[in-house]
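In what follows, a structure is listed as structure tokens, so that the remarks can point back to it.
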Amino acid sequence: MFSRRWRFGWDRYSEVDLFTDRHETNTESLSQAIRAAVSEEPDADGSVLFGQMQGTVVGLRYYTGVVNQGEMVALVRQPQNPYDRNAVMVANVYGSQVGHIKRELAAAMAHVMDNNLAKVEGVVHSRTKNQFTMPVMLSFWGKEENKDAVIQGLARHGYKLNTDGNKGAGPHTHTHTRTHTLKNAFDNLFEGLMESKEGEKEAAEAVSTPLLPHQKQALSWMCACENKSELPPFWEKRGELYYNRLTCFSAKEVPERVRGGILADDMGLGKTLTTIALILTNFHKGKPLPVEKCVSASEVMCGVMCVCVETSSLSAEDLSARATLIICPLSVLSNWLDQFEQHVRPNVKLNLYLYYGSERNRSKKFLSSQDVVLTTYNVLSADFGNKSPLHGINWLRVVLDEGHVVRNPNTQMSKAVLDLKAQRRWILSGTPIQNSVKDLWVLLAFLRLKPFDVKDWWNRVIQRPVTQGDRVGIQNLQTLVKCITLRRTKTSEVNGRPLVSLPEKVVCVEQVKLTQEEREQYELARTEGRNTIRRYMAEGTVLRNYADVLAILMRLRQLCCHPDLLAKISSDLAAAATPAELRERLIEKLRLVLASGSDEECSVCLDSVRLPVITHCAHVYCRPCIAQVISTEKEMARCPLCRSEIKTNELVEFPPEEMEEEDSANSQNWRSSSKVDALMGNLRRLQFEDRSIKSLVVSQFTRFLTILETPLREHGFSFVRLDGTMSQKKRAQVIQEFQSSAPDSPVIMLLSLKAGGVGLNLTAASHVFLMDPAWNPAAEEQCIDRCHRLGQTKKIFYVVFLQKQDLFEKAFGSKNADKKTSRIDDIKALMEL
DNA sequence: ACCGCCGGGTGCC
DNA sequence: ACCGCCGGGTGCC
């Protein structure tokens, strides 16, 4: 996403980092890339235009739906139609039926549509000449391999597709831009959205922290978004009608305004504070939230008085909603609590309820009477479909914190989020687009940005044009995003002044030299791995053996950290003689992938694997995710990564007793490594300079953190540890300890790279030691940002330990435009094949 | 629908 | 006329 390699001056980034090239292509993981290459989703992006033809819509007089000149229409199969099982219904953008496709043509189209050979889209170009029928331009889109079948299928019914040119494709005649132009436009999608014409707004009295100028701007913008009756993007008034210029749809009623948007400020700019200010400042009719106040302590007894209760004559439905629901990742739950505590005046009685834990109060009456209800995505999706009280409440406002965590529309989490009822909707996210323009859909759907909350319209009007490099499509996307987003970065300037002044950040790459012994061990492992991968290459089975390849590369990375990180080397799956042995090996492999503490990603939900299971083809998924895939695909279920057949009863998980192994890294036969020595050298030097300096020590391998505990203890450092296995309560406790400025407070935090997720506030630290490079540059940035953020007063030192491996440097010298094949090429290059 | 199609009325010019 | 032609009734799927 960012050209951060230049920003940090890391051209010499050279550890055994097969994933380095990700820094060039968005933050995409290897598994995602392979998934994309292996299984094209039946989505808009892979589609090509087969051709177009003129069709007829009949029966207009029976329906109320109207269509304008140039308006897009939806074509919907109606297999249950009592008059014709081939019926194809025609509807306008808002879903009102317009008519039917005439019978003979419907018969031809039904064949194509029912067999999923093509998606058919309609545009009505010429104005209706009569009140009974009208022509419609039909475009057939699908996978290349289905093109002939579609053309022939239509021909059998006497219809001919016009396959030359795109004439008459409507407002989206494709003007292809070069790929890199598209990429730039895409990268800049969220840049330059900081101009705020709204001015500044002071927070309500109940907010105790004075807002910085950019926060007042954000507050002003957010209030305006909630209160204004401005038309949503692409709508204009034409006479008596409201007209959408993208879909050419028009309506008599004012289109529903999106009351909310995306606050996409960089992390550290105070999105949480601004949101708290919004909640307290903008209740109904732009008035502050009517909160009760305690009389200040200096006055008599602490009585409770009611400040302002509105009972005006306004329509009741609008005013009935009171509560704001905030949904966040578990990792930032305590941060929200802290921030409410910190930024709301102590004498203000804000009803905040933490909807979390098994004892949570599920009463709708109780919840809707709160000012704020705070919960996590997991709780929300756990409740969803299970008489969820959260889904039965009409919220005044719903806020999705770190909103980018919902990006795959197929997940329960997304469905749960989209099903919430609210008058106002907000998304907070420092990185709204994680991988591709696809990620935006869930967010727009959540905001109810019509008509794009319907996936087909989104695909048709935005996603496909953008994916295909259509300039108009990109412009439309930019306009769309601009209308609903406010984004400032830490480097943004307003009126020539920086938005916030953060202390300087110094990045330092320390190259660690391996000892002779380490180097030999490394070379051995690499030769071995190379042979294995070479065999897969020769067999053409690299993708099928993906888990193995990943494991090989993982081992190399682990060797650079510490030899004891290596899990036992597993042997060939094919060599397994009995089912029991196969199972044993699969468990071993699963352990290898997960036990290192590195976060493996599930290719179905694109999130960290939860309840991991491994398939017989050795790919790891969340059990619920892969179970869903299998149940959807029935008999035909195939592994999303390699397309091998998979069955529910063949999924292997850790046997229960395995769950808590892991205290093997005991201090009895502890040994050091070059990297450990390098770290300890740094820490001891710091301690000598200034005993109050606090440091974060970050690794993606939790076992490495465990190894590091021994020398830290030996040298008398007081430290805490934060990793993914800890309960929320424990995390909050550890963070509080670390942030404390008490003289005996811990000076070091061992932090697992992904454990904290985002949003952690660790400003007590001024030094960050990254023990191994993250595969995801965003994760690395977040890691620095945990301390380089608002509230940091000290200069930040960021040290990355790398092993010098010249051999591998050249593998990543070239930027490969075609990322799908480049992974394989990279593996090849990496292994010198 | 200022169409097509159906079916009844009708029938040299 | 077992036709053609006329003109009224009618009309999505």
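Note: hydrogens, waters and symmetry copies are ignored here, and every other heavy atom, side chains too, is used. Lettering follows sequence order; numbering is per chain, from 1.
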Integer-rounded Å distance: [N] [atom2] and [X] [atom1]:
X        : N      : atom1 : atom2 : answer
A:Ile101 : C:dC12 : CD1   : C1'   : 11 Å
A:Arg85  : C:dC13 : CZ    : P     : 15 Å
A:Gln78  : C:dC12 : CD    : P     : 15 Å
A:Asn86  : C:dC12 : CG    : P     : 17 Å
A:Glu104 : C:dC13 : CD    : P     : 7 Å
A:Leu75  : C:dC13 : CG    : C1'   : 14 Å
A:Arg61  : B:dC3  : CZ    : P     : 17 Å
A:Met113 : C:dC13 : CE    : C1'   : 14 Å

In whole angstrom, give me the gap between the [atom1] atoms of [N] and [M].
N     : M      : atom1 : answer
B:dA1 : B:dC5  : C1'   : 12 Å
B:dC6 : B:dT10 : P     : 22 Å
C:dG8 : C:dC3  : P     : 25 Å

Checklist entry - Nearest to the side chain of A:Ala87 - B:dA1, C:dC13, C:dC12? => result C:dC13
Next on the checklist: Using the six-membered base ring of B:dA1, report whether A:Phe132 stacks on it, requiring centroids under 5.5 Å and planes under 30° apart.
Outcome noted: yes
Next on the checklist: Looking at A:Trp141, I'd like to know if the NZ or CZ of A:Arg464 sits under 6.0 Å from its six-membered ring centre while staying within 45 degrees of the ring's axis.
Outcome noted: yes
Checklist entry - Should A:Glu121 and A:Lys119 count as an ion pair when the cut-off is N to O under 4.0 Å? => result no
Item to check | Ion pair check, A:Arg259 and A:Glu226, cut-off under 4.0 Å | outcome: no
Item to check | Distance-only donor-acceptor test (3.5 Å): side chain A:Asp84, base C:dC13 | outcome: no
Checklist entry - Can you find a donor-acceptor N/O pair under 3.5 angstrom joining the side chain of A:Tyr83 to the base of C:dC12? => result no
Checklist outcome for this item: Scanning all shown strands, the Watson-Crick or wobble mate of B:dG11 with both distances under 3.5 Å is C:dC3
Item to check | Aromatic plane relationship, A:His391 with A:Phe384 - under 30° parallel, 30 to 60° tilted, over 60° perpendicular | outcome: tilted
Next on the checklist: Could you check whether A:Trp426 and A:Trp395 have their ring centres less than 6.0 Å apart?
Outcome noted: no
